[in-house]
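When a ligand or atom number is given, it counts from 1 through the structure's own listing order.
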Amino acid sequence: MSSIIGHYINGEWRPTAGREVIDVLDPANGRVVGAVVAGDAADVDLAVAAARAAFPAWAATPMAERIRLVEALAEGLERHRDRLAETLTAEMGAPLGFARAAQVGVAIADLAALVGAARAHVEREAVSNSLVVAEPVGVVAAITPWNFPLHQIMLKVGAALLAGCTVVLKPSEVAPLNAAIVGEILTEIGLPAGVVEIVFGDGAGVGSPLVAHPDVDMVTFTGSRAVGEHVAREAARTIKKVALELGGKSAAVILDDAPVAASVEGVLRSCFANTGQTCAALTRVLVPAGMREEWETAAVAAAAHWVPGDPTEPGTAIGPVASELQRERVLAHIRAAEDDGARLLVGGAEPLDLPGAYVRPTIFSGVTPEMRIFREEVFGPVLAITEYATLDEAITLANDSDYGLSGAVWSSDERHALEVALTLRTGSVGINGAGLDVGAPFGGYKQSGLGREAGSRGFEEFLEFKSVMGAAGLAETRRDAAP
Ligand code: NAD
């Protein structure tokens, strides 16, 4: 087992002696692969004080220098790509190839898109009779989950740094080891001390005191809807700005002219990749009644390619879920679907002959809106097929959700697909298999969240806008990011 990792505060690794620790377990085999200190409110105080002290100088740092450092961070991720991928595989079970290409690759792409947004950003402009000046929000608390941990850290930390904010990051206690490598990279690139703090621990020990802290100006949170509600309530006590990226129950609408094989392949990839632990995964599919049997048959055949296995073996398509706890949650959803009368086509709750937190990729059909599997986020590889009679019914079914994160439309007529896409009450919609676009805004309608991440909108979340009235004539609109 590797040594215990302490918090990263004011550019230094804090002592670990005598501290409570959280073991990090490999979900493929239950082995301990590392440990971090279990932080508390005193650690949060120390970290917030460091971030507050570093804020004035960082806010005054020219954009060109902030961009230089964020680009150096991206280069650091590239330099450490293999180690980051191996660490992610060990702590949350993503297959190694996927961890390398998607988990780390997307994190690097996130930073590139954010840098592009920062370069294009107009810091001061004349509006009406005023000079409008964009300023950083201040000290940001960033709280992240375990499913795409590095991507979620970069969307928050990258954007906040470019905006001129300082950050206290609390990574998921399930998968914190990749964040420790980020701390090493921040030292390597010479980020000024105090600009980013990393405090390890769980929600009660670190998350809650961080959200409540009076010297934190903004909380950006990605995680479950339940904890998101708690964060919003707690942050409201001190009227903090809040950005929330929560769950989803996203629907793929298969139109009657859609190609069956391509739509099956695309929906299964969205639902099963990362072992179904993707917030924007297409976990419901709405199929025309006349196509339903053909679609089911093709889906059962395609599911056979998603064989669970050791995530360190090349060619493994699907690893374990991130923890034993997550496995129990997923199995409870599968049993609830069976109890509610959904028809099991493939998979199910039977254990696999594998040592870790594995679940079978599972497909239910005959799913109706009354069933829990139609409404509740599973966060595991479970697809629900619902048939529809008319396009109006398909749109009503797609929108019949408390969530509104993502969706998809499949059709051989792209314009028709776009018309349908525009009727969906979700923050993103993919047409004919188009996936995550880190240059475009990402976030949820309804109970999927507040605010946007990624690209220019994600960057702007970390800004305040000051109107200096009577100063419009003094606007020398400038892009100080220009090299
Ligand atoms: P979670 O809500 O349990 O935990 C998320 C983070 O919040 C962790 O760091 C956790 O320690 C912290 N936390 C827990 N209790 C807290 C509290 N009381 N106060 C402050 N922080 C607290 O979620 P998870 O299980 O880590 O991740 C899975 C969930 O995240 C899923 O529901 C998924 O849909 C959602 N998710 C959403 C997006 C998105 O962008 N919309 C992306 C990924 C994951």
Got a salt bridge between Asp82 and Arg100, using NZ or NE/NH1/NH2 to carboxylate O under 4.0 Å?
-> yes
protein heavy-atom neighbour closest to atom 27 (O) of ligand 1 works out as Pro145 CB, 3.3 Å
Asp340 meets the salt bridge (Lys or Arg N to Asp or Glu O under 4.0 Å) criterion, sequence neighbours left out, with Arg372
May I ask you to check whether Thr220 and Lys156 show a side-chain donor-acceptor distance below 3.5 Å?
-> yes
Identify the protein heavy atom lying closest to atom 12 (C) of ligand 1, giving its residue, its atom name and the separation to 0.1 Å.
-> Ile143 CG2, 3.7 Å
Glu460 with Arg457: basic N within carboxylate O range, under 4.0 Å = yes
Given Trp146, Tyr403, Phe200, which has its nearest heavy atom closest to atom 24 (P) of ligand 1?
-> Trp146
Gap separating the CH2 atom of Trp306 from the OG1 atom of Thr275, nearest 0.5 angstrom | 9.0 Å
Using a 4.5 Å cut-off on heavy atoms from C-beta on, say whether the side chain of Phe374 contacts that of Leu397.
-> yes
For ligand 1, which atoms, with element, lie under 4.0 Å from some heavy atom of Ser172?
-> 9 (O)
Has ligand 1 got any nitrogen or oxygen that is less than 3.5 angstrom from a nitrogen or oxygen of Gly223?
-> yes
The atoms of ligand 1 lying under 4.0 Å from a heavy atom of Val227, numbered in the order shown, are 2 (O), 13 (N), 14 (C), 15 (N), 16 (C), 17 (C), 22 (C)
Quick one: look at Gln277 and ligand 1, take heavy-atom pairs under 4.0 Å, and tell me if it's side chain, backbone, both or neither.
-> neither
Measure the CD1-CG distance between Ile153 and Leu77 for me, rounded to the nearest 0.5 Å.
-> 10.0 Å
Tell me: protein heavy atom nearest atom 21 (N) of ligand 1, and distance?
-> Gly207 CA, 3.6 Å
Among Gln326, Gln152, Gln103, find the one that has a side chain to side chain donor-acceptor pair (under 3.5 Å) with Asn147.
-> Gln152
In the protein, which heavy atom is nearest to atom 37 (C) of ligand 1, and how far is it?
-> Leu246 O, 2.9 Å
Subset of ligand 1 atoms that lie under 4.0 Å from at least one heavy atom of His230 = 17 (C), 18 (N), 19 (N)
Please report which non-hydrogen protein atom sits nearest to atom 31 (C) of ligand 1, along with the residue it belongs to and the distance in Å to one decimal place.
-> Glu377 OE1, 3.5 Å
Which atoms of ligand 1 are found less than 4.0 Å from any heavy atom of Gly203?
-> 11 (O), 13 (N), 14 (C), 15 (N), 16 (C), 17 (C), 19 (N), 22 (C)
Would you call Arg327-Glu324 a salt bridge at under 4.0 Å N-O?
-> yes
If you measure every N/O of Glu453 against every N/O of ligand 1, is any gap under 3.5 Å?
-> no
Just which atoms of ligand 1 are under 4.0 Å from any heavy atom in Gln152?
-> 42 (C), 43 (C), 44 (C)
Do Asp217 and Arg52 meet the salt-bridge criterion of a basic N to acidic O distance under 4.0 Å?
-> yes
In short, Ala117 meets Phe459 closest at the heavy-atom pair CB-CB, 4.3 Å
Less than 4.5 Å apart, any side-chain heavy atom of Thr426 and any of Val429?
-> yes
Protein contact of atom 10 (C) of ligand 1 - nearest heavy atom, named by residue and atom, plus distance = Glu173 OE1, 3.7 Å
Heavy-atom contacts with Leu405 under 4.0 Å: which atoms of ligand 1 show up? List them by number with element.
-> 41 (N)
closest protein heavy atom to atom 28 (C) of ligand 1 is Phe379 CE2, 3.5 Å
Output the list of atoms in ligand 1 that are nearer than 4.0 Å to some heavy atom of Thr222, sorted by atom number.
-> 5 (C), 36 (N), 37 (C), 38 (C), 39 (C), 40 (O), 42 (C), 43 (C), 44 (C)
Considering residues at least two apart in sequence or located in another chain, which fulfil the ring pair (Phe, Tyr, Trp, His ring centres under 6.0 Å) criterion with Phe379?
-> Trp146
Does ligand 1 have an atom that lies less than 4.0 angstrom from a heavy atom of Phe148?
-> no
Electrostatic pair Arg19-Asp43, nearest N-O below 4.0 angstrom = yes
Option set Lys170, Glu229, Glu245, criterion heavy-atom distance to atom 40 (O) of ligand 1, minimum | Glu245
Closest to atom 8 (C) of ligand 1 among protein heavy atoms sits Thr144 O, 3.4 Å
Based purely on interatomic distance, does Ser224 place a nitrogen or oxygen under 3.5 Å from a nitrogen or oxygen of ligand 1?
-> yes
How about atom 1 (P) of ligand 1: does it have a protein heavy atom within less than 4.0 Å?
-> yes
Pull out every atom of ligand 1 sitting under 4.0 Å from any heavy atom of Ser208, numbered as shown with elements.
-> 17 (C), 18 (N), 19 (N), 20 (C)
